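These figures come from a predicted structure and were not determined experimentally. Proteins get letters first, then strands, A, B, ... in listed order; numbering begins at 1 in each.
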Amino acid sequence: GAVVSQHPSWVICKSGTSVKIECRSLDFQATTMFWYRQFPKQSLMLMATSNEGSKATYEQGVEKDKFLINHASLTLSTLTVTSAHPEDSSFYICSASGPPQGGKNIQYFGAGTRLSVL
Amino acid sequence: AQKVTQAQTEISVVEKEDVTLDCVYETRDTTYYLFWYKQPPSGELVFLIRRNSFDEQNEISGRYSWNFQKSTSSFNFTITASQVVDSAVYFCALLDSNYQLIWGAGTKLIIKP
């Protein structure tokens, strides 16, 4: 159990376009979802936390208008990188937590999305 | 402040050797959770273990074992008889009161055949 699916796994886009990344919990209700960004050879940097049905809480320094997060259901959250630029190129990872898989305390991760903006 | 320190940036051992990955944490909370995750080259983070601050029993799962010592604020991870497939980056993390993970910098483990 506790499977989190993230799509796409790899996306290449032109500068100025928008990219949507989906994160789904396949076998549990994800009451909370997290979006991270990871630079090469670095640890994970939390971008935002979203609870189902409410607005996401963004970490300091993360642009809300740049990284739109929607958590419309208990199994789906999306991250849209709007007007992407080369500096947005990175590895984006989502995670989900919720009952019955450990409640709020365990985050299960998607496989990540590698975004390359040309 | 809450903090997780993984002082070992990279460890390289030969297959079948035992290896220990260190994790030291700082927290003011009396109740907290500690985690280990594995990130193989594919990128996906794999949950390995969660430890409650009230449970100091060491845990063993196959070749993996964890040593939780509250007195030294450490939560070390040992792989016995390492295998090439164990090669990955391993992250130690602390759950804060907002249910957010405080991550260590990670330790890259290289197992040579």
Side-chain angles (χ1 to χ4, degrees), chain A residues 1-11 21 23 25-26 28 30-51 56-60 62 90-99 101-116, chain B residues 1-11 21 23-25 27 29 31-55 59 61 66 75 87-110:
Chain A
V3 178
V4 176
S5 173
Q6 185 175 343
H7 291 282
S9 58
W10 197 306
V11 58
I21 303 170
C23 181
S25 57
L26 299 186
F28 67 102
T31 49
T32 306
M33 284 188 166
F34 304 82
W35 287 94
Y36 294 87
R37 184 172 179 176
Q38 187 179 30
F39 293 100
K41 298 185 179 181
Q42 292 189 24
S43 189
L44 283 75
M45 181 187 78
L46 180 65
M47 298 174 68
T49 303
S50 72
N51 294 299
T57 301
Y58 290 80
E59 294 301 299
Q60 192 172 8
V62 178
S90 191
F91 190 56
Y92 293 89
I93 312 173
C94 74
S95 71
S97 64
Q101 302 291 352
K104 290 185 176 181
N105 294 328
I106 300 179
Q107 292 182 31
Y108 294 94
F109 287 80
T113 298
R114 200 164 299 280
L115 171 63
S116 296
Chain B
Q2 306 204 79
K3 185 179 177 182
V4 175
T5 302
Q6 292 180 257
Q8 303 150 309
T9 305
E10 184 174 307
I11 299 174
L21 309 182
C23 173
V24 175
Y25 62 92
T27 181
D29 295 336
T31 302
Y32 51 90
Y33 291 88
L34 295 162
F35 299 79
W36 276 95
Y37 284 89
K38 173 183 180 180
Q39 187 176 38
S42 62
E44 181 173 1
L45 280 134
V46 178
F47 165 75
L48 296 178
I49 190 171
R50 174 187 66 177
R51 173 60 69 207
N52 182 308
S53 58
F54 291 111
D55 183 1
E59 180 146 347
S61 177
W66 291 268
F75 187 40
S87 296
V89 178
Y90 291 85
F91 290 98
C92 179
L94 168 71
L95 192 73
D96 73 8
S97 54
N98 293 319
Y99 298 99
Q100 294 178 350
L101 288 168
I102 310 297
W103 296 89
T107 296
K108 183 176 183 179
L109 178 62
I110 300 170

When you compare the side chain of A:Ile106 with that of B:Phe47, does any pair of heavy atoms fall below 4.5 Å? yes
Side-chain touch B:Leu101/A:Leu44, heavy atoms, less than 4.5 angstrom: no
Say you draw a straight line from CG of A:Asn51 to OH of B:Tyr99; how long is it, rounded to the nearest 0.5 Å? 11.0 Å
Between CG of B:Leu95 and CD of A:Gln107, what distance do you get to the nearest 0.5 Å? 7.0 Å
Scan for side chain to side chain donor-acceptor pair (under 3.5 Å) pairs involving residues 35-45 of chain B, sequence neighbours excluded, and state none if there are none. A:Gln38-B:Gln39
Holding to ring pair (Phe, Tyr, Trp, His ring centres under 6.0 Å), I want the full list of residues that pass it with B:Tyr32, two or more places apart in sequence or in another chain. B:Tyr25
Donor-acceptor pair, A:Ser43 side chain versus B:Gly106 backbone, under 3.5 Å? no
